[in-house]
Structures are given as C-alpha cells and as structure tokens.
Amino acid sequence: MKRRAWLTLGAVVLGGGGVVTYAVASSSSDPGAAGRAKRPAKVYDLALKGGTGDKRELPRTDTEQFSMLGVSWTGAAKRLDGTAQVRTRSLDTGQWSAWQDLELNVDPLENPGVGVRGASEPLWVGPSDGMQVQVIRKNGTSSSALPKGLEVNLVDPGVVTDAETKAGGTAAEPAAFVADESPGATASAPTDSAAPSDGTTAAPTDGQTITSPAATDTTPAATDSVPPSASASPTDSVPPSDSASPTDSVSPSPSTSSSAPPSAPPSTVPEPPIVSRADWGADESISPEAPEYNADVKAIFVHHTDGANDYSCADSPSIIRSIYAYHVQVSGWKDIGYNFLVDKCGTIFEGRKGGVDLPVFGAHTYGWNREAAGVAVLGDYTTTSATNATLASVARLAAWKLGQYGADPAGTTQLTAGASQHNYFSTDFTAGSKYTFQRISGHRDGYNTECPGGLLYDQLPTIRTWASGPVQGLKVSSVDGAGLSGSTYYTKGGITVRWTATTPASLISKFELLVDGKSVATTSGTATSVGATLALGSHTVAVRAVHQSGKTATSAALTVVAETTAPTFTTNPKLSLRSGTVSTSAIPVTLGWKATDDKALREVKLLSPTTATFGPTTTTSNRTAKSGAATVWSMRAYDYAGNYRTSSPSYTPVILQETAATKSGSWTTRSSTSYLGGQSYSSGSKGASLTWTFTGRSAAWVVSRAASSGQAYIYVDGTKISTVDLKSSTTLYRQAIWTKTWSSSAKHTIKIVVVGTSGRPTVTTDSLVYIK
C-alpha cells in the first residue's frame, strides 16, 4: 500500500550567504528504510538567463541530484535555430564534464496540443549535482531569434524497485532546490509549496509532488526576462494530452489510428522477453490518457536515444524512466514516444503503453507513425557500433512485430507519408503519397536527422538478415571422435559434431545433424554440438540450422568414414647397432619399423623405454640403449579412426670385451678410464687378429682412433667383407666405426686382422657389441 505524502518547508543557508528554500517529502508514518529508499522520478525546471536575443545561459550551478537533462521552450511548433550545450558535475567524482551538444533537430509536431513545448532530445549524463548551460542563436541575419521561455529541464529518475535500492539508490527524497553560485543569490520555493487558499494542507498522493505544469503554447509560464534567482520547480503534474505525440497531417488509409484496441494477431515467430512498464517503474499517473492504435505494423523504425554509452545496464530502467518523464513532463506528450527500447545488454523494454502485442500509435518518426512501430537503442551510435546483444534483440523484436502481420523483415513496404518533408538523404516526401521503405528502417530514412547514428545505421542490414533468416555463417568447426586425413574424417563410430554461426542463438529455433541427408539428432538453437553414432561405412555429415522464421540453412557436407580395422606392423620394431660413441649406459642404436592401415595410417608412437611420436611415413629413429639390460621396445600404430595395434619386442645390447676374443699374434694391453672396462688391446703386428663368436642380429666393432692409427680387415663368418681405416685427426675413444645387421638372430663370427699400414700400423680395439 502506498503511503500518502505531503510537503514540509525549510531553509538552508549556503556557503556564499544565499538562502535556499527547499521541499522535503515526509510520510504520514515511518515506512522503514526500504520504504524511504523508493522514490518516483522528478523533473526540475530552471529558467535560462541572458540579456540579448542571441544567448541564454546558466552559469555553473549547484542542483539537486539528476541524471538526465534537456532544454525546452515555449511553443512546440517553434524551432531553436542555434546550439545548446551543457556541462554537468558528477555526483560520484565531483568532476565537471566537457561541453556536450544537445540534439535540437527533433521531429516536429504538426498539430501540437495544449501544454506541448518545443524541446531538445534529452541527454543521459548519469548521477549529477551541478550543471552549466548555454544556448546560442545561429549566426546570420536570416536566423530567427531564440524562442521564449527557454528552460533547462533536469530529470531525477528516482528509485522504484528493490533491485535499484540494493544497487545503491539514494535513500532520501530529493530536496527541490537549486543554488546559484553567485554570492547572495536566493532561490525561491516551488510555487506549489504554499498551502491552498481554502486552508487545507497540500497532500499529493503516491509520493508525487504537485507543481505547476510546464509552459505550453497556451500557458507561457516562462519568459525571456532574467529572473532574480535561479528557481527549480519539480514538475510532476499530469500534462496535457498528446495530441502531444508527434501527429501526422494526413492519416493514411487503411492504417488509421483508433482508441479501440484491436485484437493481437499471432506472430510467425516467438515473442522475445520484454520488460514491462511496471517492471521498469513507469508512473502511470502522469500519463492517464488511453493509447491509440493503428491498423497494423508495416515497418519498424530504429532510433538511438543519444547520451553516454558507458552506462551500466542496471541503470537502464532509470534511463527509460527519465526519458518517459522528459517526454511527458517536459515536452508535454501523452506518453513516452517509443514503442520499445533496447539497452546495450540486449534487454528489451516496453515503451508506450497499450500492449506490446498491439499496433500502438507511437510518437517516434515524424510523418510515419501511423503505419510503423519505433524501437530506440539506449546510447549514442554516431561513433560507436551497437553490441551484438543489442542487434540480436532488435532483430528478434522486429521479426516478432512484423511477423504478426506476415511481413518479411528483410523486405520492403509502401508507407503513406503523413507530412510533406525530406529525410536525411534529401529524399522529398509529399503528404498522402506512398513511398517504399525497408521493413526495418532507420529514423533518418523517414526524417532529416542523423538518428540512429551512422554506425548503428550501417548495422541495419545485419539486423534485417538476422531477423529474416536463414541462419548466417553456419559451418562445422570440428568433428570430435574422428581424425581428419585430407578432406575425409575417420571414426570408429561415435562422433560429436561442433559448429558455429554468425546469427545469434536467440534467433535460432533448433539445429539438426544430418547423416546421408537424414536428421539423426536434434538440439536447441543455443547448442553448438551434438553427438551421433555412425554405422560402418562412408557417410555425408552436415548440420542444418532452423531459423525462428522456419527458414533453414545447411552447412557444407563432410565425408566421414566409420571403420574398426586396426593398423598392422608389416615390420615389427627392430633394434640395430649404429656408429657413434659407446658407453655402458648409452649404446647407439637404430629403431626401425613399418606400419600400414587399410584406410589411413595416422601416426606411430614409441611407448617404451621412452616416448616419441612419428608420422605415418617415418620408419626409423636413432636412439640409445643400456648395455646388458633386456629392454622392451613397445610401439603402437594408430589410424585416423582411432583404431590401433601394439608391438612390443624385447632386445638386449651386449658388450663383449676384447678379453673375450680369441687372439692371434702379438697384442698389448692398454689401461685408461677412456676405454670400455678400463682396458683395450693394441697391436702393430701385421696379421695379428681377434675373433669373437656370438648369437645375435646386429654387431658393432668398437675402437680407439688417432692420427697414428692404421687399417684393419674385417671378416664375417669367414668372409672378408671390409677394410677399415682407423686414422683420425683427433683422438677418439669408444667409437663404433663398423656395424653389421642381419634379418634375424643367429650365431656369427667376427674377426679383425691388423693390416700393418706403413708408418701407422697400430690398431687399438676396445670391444665388440652385439644385440641379442
């Protein structure tokens, strides 16, 4: 239950010596902190000063808290031919902003009603407690004088919901005062603060402070004279009717307006979530007139509201309440002009009352209100693009409204001009004639204004495409559970297909996974993946997106082969000795293998004694092995489907010291830590030999090399197969310089014979290594 409030008068002495009369709202009983935290929107009007016909201004002035402001004047049909600039002081930081221009090129009114004022577009500046204003007539003798009754109008959006209170809404009712910074300046009390002549106490209901209505064409309350002080009067009165909405001189047929609400036709697409007037805190008492209705909605005009873009989306209800109060209590319209509003987070708000699903007659686009609806995006999009969230919501809203009347959002329509004028692009319109418009058009298409800003206007084709469908930019991004080889995916059967699309998910009804052209799985429009199991064989796989309009788009088809045949090792992993430096812990070896697959081999992995991954065409890898230890060399071959086969043979490298050989001729023992086992045999005698016998599949002769080293013959199983020269420019120890590998393990004999090379006959042997 709302508590009744009344006004209590008081006075405050300012630091400069001036006295400010103010009004404080009190309640009939203490409602508690939560009750005090809520307050309605209020408008404060301050007359502009100035001694000439060329300029009106207010110096830097302390004010009560406000978040939106604009400039208005007597006579709605009059134009302000010049500039209006404002500066404001942040309530949070105390810093003054730069000068900001107010948009004066507002759609005119053909037949303004009583109480309607001319006004700039309102400017959202955020919580502020000070302002400075200057209005300057345009240069040139042909320019008309500034209009009479110039005021700056400050709007405090108030706090009306628990959420806003928790977010930091001011707990106390605002005092209705303004202080001029000039020493000795005195602000008068609001004109409605005196008791009524019958002696009763003024007691406005529902927390509304009753004051005099704003000046209109028939009630010129403000003049161009300089007042003795800056006065602020909160204007919360019920304004005159909006014959105050921008009306058109010609009522097009058949889409004429009516006060009788028509039936709400169903739409071809779902209704998006819309925040109601009650939920954003509309004070219905200030706009009691019933709404009017058109016959249908043929087009949507997109606007921006101007003002800062750095607002918090939690402030969107406050911004909309401020626009509402400005349109009604400053301009004198019957209601907010826009049918809908959308913030940068994509939240849609109900604008003018009458039913979101009905063709409510709005006041948004001069000359075209009788056949269209208007949606305004909160913010200024002259140098900033709208967010994707905003574009998606405008697209959803436009598609739904136009869908009620069977209209394609990407199409065109014929609208009948309600006034003779020209638009931003200098296209002339004659009242009563028909003209072609995009179903989703910008404000500038119908009237000579920059609205909705150049960058948002450039985004209208995107809005049309998203609203109309089909889904744009649909493509498969990956297929989990499958490997890609060339242009073909391979799987064992189970796959998860992932995709992307540029059309927002909120405009997509569903996605379908198509296998060989048939739908095998369906998921929501917000999903980005779906799984399926394929039968063995080759298939085409694609994703189909169903737009909320019912239009479909299908991604490019992919070839996916389901198969379960594992790869094979045509040559199992084998270990062979190679040249290099030998130690007991690192004998140089070569690992060799061959693998194949009936479809497509992907890779071969070494699993032990260490790990490595090889491409499908690699068949060897140089490694090292530990002497005397039986080691498992495990390898696994994978195909692109994920099938695999493992081979795990075991090999043992063995070092046979020179002492294990059968000697012939003269050999000398040498000792050094550089030799394997600390010793080696050396001989310079021609014909001296060493013979080792072993059972294995690979062998390597290990020697020392120096500048004085000579040559040796090598015999394998009784046959001379090589002459090896051990000469080296640097001294090297433990060098495997000759190797031999067989296809399988068997008993073999290796014999080395000293050649007796002239001048360098010495041969120093360190060992023989073999693999068993």
Check against side-chain contact (heavy atoms from CB on, under 4.5 Å), Y713 and K751: CA-CA 8 Å; Y713 299 130; K751 178 180 180 181; over 6 Å; no
Trace of the side-chain hydrogen bond (donor to acceptor under 3.5 Å, both in side chains) decision for T646 with R636: CA-CA 4 Å; T646 304; R636 181 171 293 168; 2.7 Å; yes
CA sep, side-chain torsions, deciding dist, call: D458, L455, side-chain contact (heavy atoms from CB on, under 4.5 Å): CA-CA 5 Å; D458 290 343; L455 295 187; 4.2 Å; yes
side-chain hydrogen bond (donor to acceptor under 3.5 Å, both in side chains) between S468 and K551, worked out: CA-CA 8 Å; S468 176; K551 298 177 183 178; 2.9 Å; yes
L391/L456 under side-chain contact (heavy atoms from CB on, under 4.5 Å): CA gap, chis, key distance, verdict: CA-CA 9 Å; L391 301 181; L456 177 52; 4.0 Å; yes
Working for side-chain contact (heavy atoms from CB on, under 4.5 Å), residues K740 and I750: CA-CA 10 Å; K740 175 68 176 178; I750 303 295; 5.6 Å; no
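One N or O on the side chain of R464 and one on the backbone of I440 form a donor-acceptor pair closer than 3.5 Å. D380 places no side-chain N or O within 3.5 Å of a backbone atom of G307 that could act as its donor or acceptor partner. Between the T568 side chain and the T570 main chain, no donor and acceptor come within less than 3.5 Å of each other. Side-chain N or O atoms of Q657 include none that pairs as donor or acceptor with a backbone N or O of T659 at under 3.5 Å. Side-chain atoms of D717 come within 3.5 Å of backbone atoms of T749 as a donor-acceptor pair (strictly under, hydrogens ignored). Side-chain atoms of T502 come within 3.5 Å of backbone N or O of Q472 as a donor-acceptor pair. In this structure, Y770 contributes its side chain and L656 its backbone to no donor-acceptor pair below 3.5 Å. At distances below 3.5 Å, at least one donor-acceptor pair connects side-chain atoms of R705 with backbone N or O atoms of L726. Between the side chain of S683 and the backbone N or O of W667 there is no donor-acceptor pair closer than 3.5 Å. Here the side chain of T390 pairs a donor or acceptor atom with the backbone of D343 at under 3.5 angstrom.
Q438 has its side chain out of reach of L460: every pair of non-hydrogen atoms, C-beta onward, lies at least 4.5 Å apart. Inter-residue side-chain proximity for Y490 and D597 is flagged as unmet; no heavy-atom pair is nearer than 4.5 Å. Under the 4.5 Å side-chain criterion, counting only non-hydrogen atoms from C-beta, L690 is in contact with Y681. Taking the side chain as every heavy atom from C-beta outward, T581 and S583 never approach each other to under 4.5 Å. Put simply, the side chain of P609 reaches to within 4.5 Å of the side chain of W633, judged on heavy atoms. Side chains of T347 and L341 form no contact here, defined as non-hydrogen atoms less than 4.5 Å apart. Here the side chains of E603 and P567 are not in contact, with every heavy-atom distance at 4.5 Å or above. The shortest distance between side-chain heavy atoms of V394 and F340 does not fall below 4.5 Å.
Partner of M635 under the side chain to side chain contact (heavy atoms under 4.5 Å, CB included) criterion, chosen from N572, L607, L591: L591.
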Below 3.5 Å, can you tabulate the donor-acceptor pairs from side chains in residues 610-629 to any protein atom, sequence neighbours excluded?
from	atom 1	to	atom 2	distance (Å)
S621	OG	R623	NH1	3.1
N622	OD1	T590	OG1	3.0

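Distance CD1/I752 to OG/S722: 12.0 Å, rounded to 0.5 Å. Within the model, atoms NZ of K747 and OG1 of T693 stand 6.0 Å from one another, a figure rounded to the nearest 0.5 Å. With values rounded to the nearest 0.5 angstrom, L676 atom CG is found 10.0 Å from T765 atom OG1. For the atom pair CH2 of W400 and CD of Q548, the computed distance is 12.0 Å after rounding to the nearest 0.5 Å. Between atom CG of residue L474 and atom NE2 of residue H547 there is a gap of 12.5 Å, rounded to the nearest 0.5 Å. Between atom CZ of residue F694 and atom OG of residue S745 there is a gap of 9.0 Å, rounded to the nearest 0.5 Å.
Of all heavy-atom pairs spanning P761 and G684, the tightest one is CB-O, 3.5 Å. Looking at every heavy atom in both residues, S689 comes nearest to V753 through CB-CG2, 3.9 Å. Minimum heavy-atom separation, P452 to Y381: O-CB, 3.6 Å. Of all heavy-atom pairs between P653 and I587, the closest is CB-CD1, 3.7 Å. The two atoms that bring A392 and L507 nearest to each other are O-CD1, 4.1 Å, heavy atoms only. Shortest non-hydrogen contact noted between T731 and A706 is OG1-CB, 4.0 Å.
In this structure, K605 forms a cation-pi arrangement with Y638, its terminal cationic atom sitting closer than 6.0 Å to the ring centre and no more than 45° off the ring axis. Taking the centre and axis of the six-membered ring of Y640, the NZ or CZ atom of K599 falls outside the cone set by 45° and 6.0 Å.
Crowding of Y644 atom OH: a count of heavy atoms from other residues, nucleotides or ligands under 6.0 Å not exceeding 12. Heavy-atom neighbours of K344 NZ from other residues, nucleotides or ligands within 6.0 Å: above the threshold of 12.
Not a single side-chain hydrogen bond (donor to acceptor under 3.5 Å, both in side chains) links D766 to another residue, sequence neighbours left out.
For the salt bridge (Lys or Arg N to Asp or Glu O under 4.0 Å) condition, the pairs that include at least one residue of residues 723-738, sequence neighbours left out, are D725-R760.
Between the side chains of T662 and T691, no donor-acceptor pair is found at a separation under 3.5 Å. There is no side-chain donor-acceptor pair under 3.5 Å between S704 and Q735.
Using cut-offs of 30° and 60° for the angle between ring planes, the W742 and H748 rings count as parallel.
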